[in-house]
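Note that the coordinates shown come from a computational prediction; the quantities given were computed from them, not determined experimentally. Hydrogens, waters and symmetry mates play no part in the numbers below; they use all other heavy atoms, side chains included.
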Protein chains: 2
Amino acid sequence: MTKTSDAQIVEAARLIIVLHGATRLTQRAVAAAVGVQAPSLYKRFADKAALLRAVRAQALADLGARLAAAAQGQAPAPAAMRMANAFRAFSAECPDIYRLIFDPALQDAGRGAERAALAPFETALAKIAGAGQGASAAHAMLAMLHGLVRLEIDGSAPATGPHDEAFRFAVYALLQGIAQSAG
Amino acid sequence: MTKTSDAQIVEAARLIIVLHGATRLTQRAVAAAVGVQAPSLYKRFADKAALLRAVRAQALADLGARLAAAAQGQAPAPAAMRMANAFRAFSAECPDIYRLIFDPALQDAGRGAERAALAPFETALAKIAGAGQGASAAHAMLAMLHGLVRLEIDGSAPATGPHDEAFRFAVYALLQGIAQSAG
DNA sequence: GTCTATACGACGATAGAC
DNA sequence: GTCTATCGTCGTATAGAC
């Protein structure tokens, strides 16, 4: 009897963001995409933010899976580099989804999902930095990557040279610094 | 005959953002703050984005001045550390203004203002990294700081420990890594 | 229970009179 | 340069049809 489903709505919202950008994501557009009128969405998601939180949770799991796959079976340092590249690739592929993950208006209370998605990160960095500084090192690397990709996808960087080179330099320098702090 | 001025409008907009948050910045609110009706603003600024670009330009200059003051008369490494702290203090003081500076929807074509504001940065980092890698090092440090403060003001970080410590660790590790890349 | 029709209030923005 | 009046779109509340 139901014309749509929670999962279909979430997927429709994700598709609109990926294909047409976050600014085009309206409740009416989502509703039209699943063949329903806008007010009907409120029977399934309390409001627009709740729907976006569902899209975000899925995206976060996707990002976590890509990071885990990139680190799979690698030594700590190569794992960190491969995860950095995977992180950047994700942000380049769908920048508006990336922004959604870090949207301050959509933060969960628990933080459990973030912790889980970034676990491979923490693991690799802890081994590089030494036990006492694993959390700080993981935070530093996350911040480095977040800053790099945000400057890149937002076009906010002074943008002198190519981003590829600057990205590698930054990640490598930080890894070196962290390794040095371990000794 | 004029009831207000461009400068007064920009300042009113800035105040609303600082005191009540960016979501409360509406054309009607700005107009009310300077004692006119909303449509009158369009005689002075083409649209809301144009007004925000003016606020952003002023904020960027402010940030640049603070960075320059922090670096004043310091050796490169302490200058970098003091600028990092000044950068973080700015973002903590008015996070919504900070977000405005890096808002992808408000980027200028020229980029001249960004370059000027971040010049003290480039100077200090070039001396630490060595001539050939000054731009990369400055970009890396800007990305590091941008990532750190965004995670902090957005509450996006896994947020394990205190941010003060994580901030110092991250900036110091990157500086070490950059210095090492120079040799 | 599920969806539709309708509508409300706030927003950014425009047209035209003074 | 400022006003009043108004448009189109947004999120969303409500009431009722199947």
Quiz prompt | Nucleotide D/dT6, atom P - distance to OH of B/Tyr42 in whole Å | solution = 19 Å

Exercise. Using atom CZ of B/Arg24 as one end and atom C1' of C/dA10 as the other, report the distance to the nearest whole Å.
Key: 13 Å

Quiz prompt | Whole-Å gap separating P (D/dC10) and NZ (A/Lys48) | solution = 9 Å

Exercise. Calculate the interatomic distance between A/Asp47 atom CG and D/dT12 atom P; express it in whole Å.
Key: 5 Å

Practice problem: Would you please classify the geometry between the B/Tyr98 ring and the B/His146 ring as parallel, tilted or perpendicular, with 30° and 60° separating the classes? | Solution: tilted

Quiz prompt | Atom pair distance, as rounded to whole Å: NZ in B/Lys43 and C1' in C/dG16 | solution = 10 Å

Quiz item: Could you give the CZ-to-C1' distance, from B/Arg44 to C/dA13, as a whole number of Å?
Solution: 18 Å

Quiz item: If you look at every strand shown and take non-hydrogen atoms under 4.0 Å, does B/Gln27 touch a base, only sugar-phosphate, or nothing?
Solution: sugar-phosphate

Quiz item: The side chain of A/Gln37 lies closest to which of these nucleotides: D/dT12, C/dA5, C/dT2?
Solution: C/dA5

Self-check item: Length of the line joining B/Leu25:CG and C/dC11:C1', which is rounded to integer Å
Solution: 12 Å

Practice problem: Using modelled atom types only, decide if a donor and an acceptor are shared between the side chain of B/Lys127 and the backbone of B/Ala75 within a distance under 3.5 Å. | Solution: no

Quiz item: Between C/dC11, D/dC10, C/dC3, which one does the side chain of A/Thr4 approach most closely?
Solution: C/dC3

Quiz item: Should A/Ser40 be listed as having a side-chain N or O under 4.0 Å from OP1 or OP2 of C/dT2?
Solution: no

Quiz prompt | B/Arg28 CZ to C/dG9 C1', straight-line distance once rounded to whole Å | solution = 10 Å

Quiz item: Is any side-chain N of the basic residue among B/Arg99 and B/Asp103 closer than 4.0 Å to the acidic one's carboxylate O?
Solution: no

Quiz item: Is it the case that A/Arg88 places NZ or CZ above or below the six-membered ring of A/Phe167, under 6.0 angstrom from the centre and within 45 degrees of the axis?
Solution: yes

Exercise. Would you indicate what B/Thr23 reaches in the nucleic acid, counting non-hydrogen atoms under 4.0 angstrom: base, sugar-phosphate, or nothing?
Key: nothing

